[in-house]
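The structure appears right after this line, and notes come after that.
Every number for a ligand or one of its atoms is a count from 1 in the order of the listing. Remember, it's a predicted structure, so these values are computed and weren't measured experimentally. Keep in mind that the numbers below use all heavy atoms, side chains included, and drop hydrogens, waters and symmetry copies.
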Amino acid sequence: MPNYNELWNQIESELKSESSMSKDAFHEWIDAAEPLSLKDDVLTILLPSFVHRSYWNDHIKNSVMEHAYKITGKPIRFELVLKDEIKEEAKPEPVQTTLTPEPEKQPSSEFMEETKLNSKYTFETFVTGSGNQMAHAAALAVSEDPGTLYNPLFFYGGVGLGKTHLMHAIGHQILKNDPKTRVKYVTSEAFTNDFINSIQKNRQEEFHQTYRNVDLLLVDDVQFFADKEATQEEFFHTFESLYNDQKQIVLTSDRLPNEIPKLQERLVSRFKWGLSVDITPPNLETRIAILREKALADEIEIPDETLNYIANQVDSNIRELEGAMARIQAYATLQNAQITTELASEALKSLNFGTNLSHLTIDIIQNKVAAYFHVTVSEIKGKKRTKSIVIPRQVAMYLARELTDNSLPMIGVEFGGKDHTTVLHAYEKIKKDIETDDDLQRQVGDLKSELKP
Ligand SMILES: Nc1ncnc2c1ncn2[C@@H]1O[C@H](COP(=O)(O)OP(=O)(O)OP(=O)(O)O)[C@@H](O)[C@H]1O
């Protein structure tokens with residue numbers, strides 16, 4: 001009986017030789033599938049999305065089962081799983097209270113699973129814009145001169161904005177400059193689990209070796225150190241040892257060090273020693289640029305207007321932006337159609353993307369308000385303080401806050417990178433003024449009914 005990899009490879013080549021599928025379709029549905037295991041005649045296959053699974057169930061599974069039968073002489077069943085579903089199983093095993101001695105392992109194999117840098121997360125694939133420019137620059141600087149300039153380098157910011165991507169990019173770049181560099185990437189949870197396991201198995205020395213004999217330590221999502229007293233203690237010593245040896249440390253978190261609850265004061269202060277730099281949500285132009293890069297990388301043609309449309313649908317999180325794009329691609333393949341704005345809209349709707357998504361965007365509001373007050377969109381986004389521009393600008397900010405789900409910082413970004421307090425001030429001012437100013441009340445009313453008929 002072949003193992004799961006061999007079996008899958010054989011099935012794949014059978015499919016390739018007999019299949020009527022186009023090259024693109026083969027790539028989309030077969031290349032994207034990954035065998036995970038073969039147990040009790042069940043071959044588990046990992047698929048990238050639920051669209052893939054439903055396509056597999058409808059169009060692929062039977063033929064794959066036939067091939068598997070031909071190859072093994074056995075009826076092989078298939079389990080199709082998605083990434084999210086295996087996460088649970090893939091989590092490190094809970095601490096066991098067994099007395100059976102563990103087989104001896106070579107030092108470092110226990111914790112040092114090898115550096116798992118995502119090959120796609122490089123500087124080449126990272127699109128810069130106003131929200132991440134400084135973070136990108138700091139990352140590049142650290143890659144050129146690790147351990148000296150900014151140590152530690154601390155990235156913070158909301159979900160899915162590229163913190164992990166930049167962190168891996170540093171790892172890749174440093175390895176490119178010097179392939180002998182010892183790089184370790186872990187999430188704070190993995191660090192915690194390694195630490196607990198080391199205590200459990202009485203292997204603290206090995207743990208220390210693993211974490212202290214590196215040249216670059218990348219720790220993702222350190223906010224999860226919150227509340228973990230003993231782990232924090234251990235991490236403190238790891239940090240001290242690396243820092244004293246001038247080894248580079250890069251950390252990410254969803255918030256600033258002093259905002260992480262129950263983080264020891266000495267860690268807070270150390271995390272702030274180097275440089276803390278935030279990543280804020282990308283503006284429309286950056287979102288379009290990211291989509292354009294992605295289309296280029298995937299070699300698919302998408303009209304500019306459609307890229308613009310997609311970028312307007314997802315305005316906070318790059319992971320979701322990529323998700324939307326992947327859905328549209330899959331949808332186009334399913335329909336065997338070109339990607340157009342219509343198809344994109346259909347794909348996002350039919351796949352129930354962003355259920356509470358408002359189609360009203362800040363961009364639309366700015367255009368409407370500019371036309372209404374006879375000013376230009378760039379004046380609305382600009383800094384000029386003349387009354388004829390300030391009022392439309394504040395009205396547009398007010399409407400963006402009232403009629404869309406965007407956060408104050410996000411609205412600020414879309415208005416030429418203004419601070420969220422400016423947006424709040426505009427919102428409160430217009431809200432108050434419409435109570436006493438009849439003209440303003442009518443104007444805002446007109447605009448509202450045009451925007452939300
Ligand atoms: N500037 C960018 N250019 C290209 N792709 C990007 C950019 N920023 C983020 N991405 C992509 O968006 C996805 C999410 O990014 P990443 O995982 O780095 O986010 P994160 O900030 O670490 O999120 P989390 O807080 O959830 O860990 C990744 O696929 C990443 O490649």
Between [X] and ligand 1, is there a nitrogen or oxygen pair with a distance under 3.5 Å?
X	value
R319	yes
G160	yes
I318	no

Which residue and non-hydrogen atom of the protein lie closest to [atom], and at what distance in Å?
atom	value
atom 22 (O) of ligand 1	T164 OG1, 2.6 Å
atom 25 (O) of ligand 1	K163 NZ, 3.0 Å
atom 31 (O) of ligand 1	H165 ND1, 2.7 Å
atom 28 (C) of ligand 1	Y121 OH, 3.4 Å
atom 3 (N) of ligand 1	V127 N, 2.8 Å
atom 19 (O) of ligand 1	G162 N, 3.1 Å

So does E379 pair up with R393, basic N to acidic O under 4.0 Å?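 No.
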| Can D245 and R212 be counted as an ion pair, charged N to O under 4.0 angstrom? |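 Not counted as a salt bridge, because no side-chain N and carboxylate O are separated by less than 4.0 Å.
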Task: Closest candidate by heavy atom, reference atom 4 (C) of ligand 1, pool V159, T128, N132, T125 - done: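 It is T125 that holds the nearest heavy atom.
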With side chain to side chain donor-acceptor pair (under 3.5 Å) as the test, pick out the partner of E234 among Q204, K228, H208.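 Only one of Q204, K228, H208 forms a side chain to side chain donor-acceptor pair (under 3.5 Å) with E234, namely H208.
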Q) Can you tell which part of E322 has a heavy atom less than 4.0 Å from ligand 1: side chain, backbone, both or neither? A)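 It is the side chain that gets close, since no backbone atom is under 4.0 Å.
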Check: E342 and E346 side chains under 4.5 Å, non-hydrogen atoms: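 SC-SC contact between E346 and E342 ruled out.
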Query raised in the report: How far apart are the C-alpha atoms of V277 and F154, what are their side-chain angles, what is the distance that settles it, and do they pass the side-chain contact (heavy atoms from CB on, under 4.5 Å) test?
Result: CA-CA 6 Å; V277 42; F154 190 99; over 6 Å; no
| Aromatic ring proximity Y243/W273, centre distance under 6.0 Å |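 Close enough - the centres of the two rings lie under 6.0 Å apart.
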Validation row, ring centre F191 to ring centre Y211 under 6.0 Å: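 Between F191 and Y211, the centre distance is under 6.0 Å.
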Whether the T252 and D220 side chains hold a donor-acceptor pair (N or O, under 3.5 Å, no angle test) is what I'd like checked.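 Side-chain D/A pair, T252 to D220: present.
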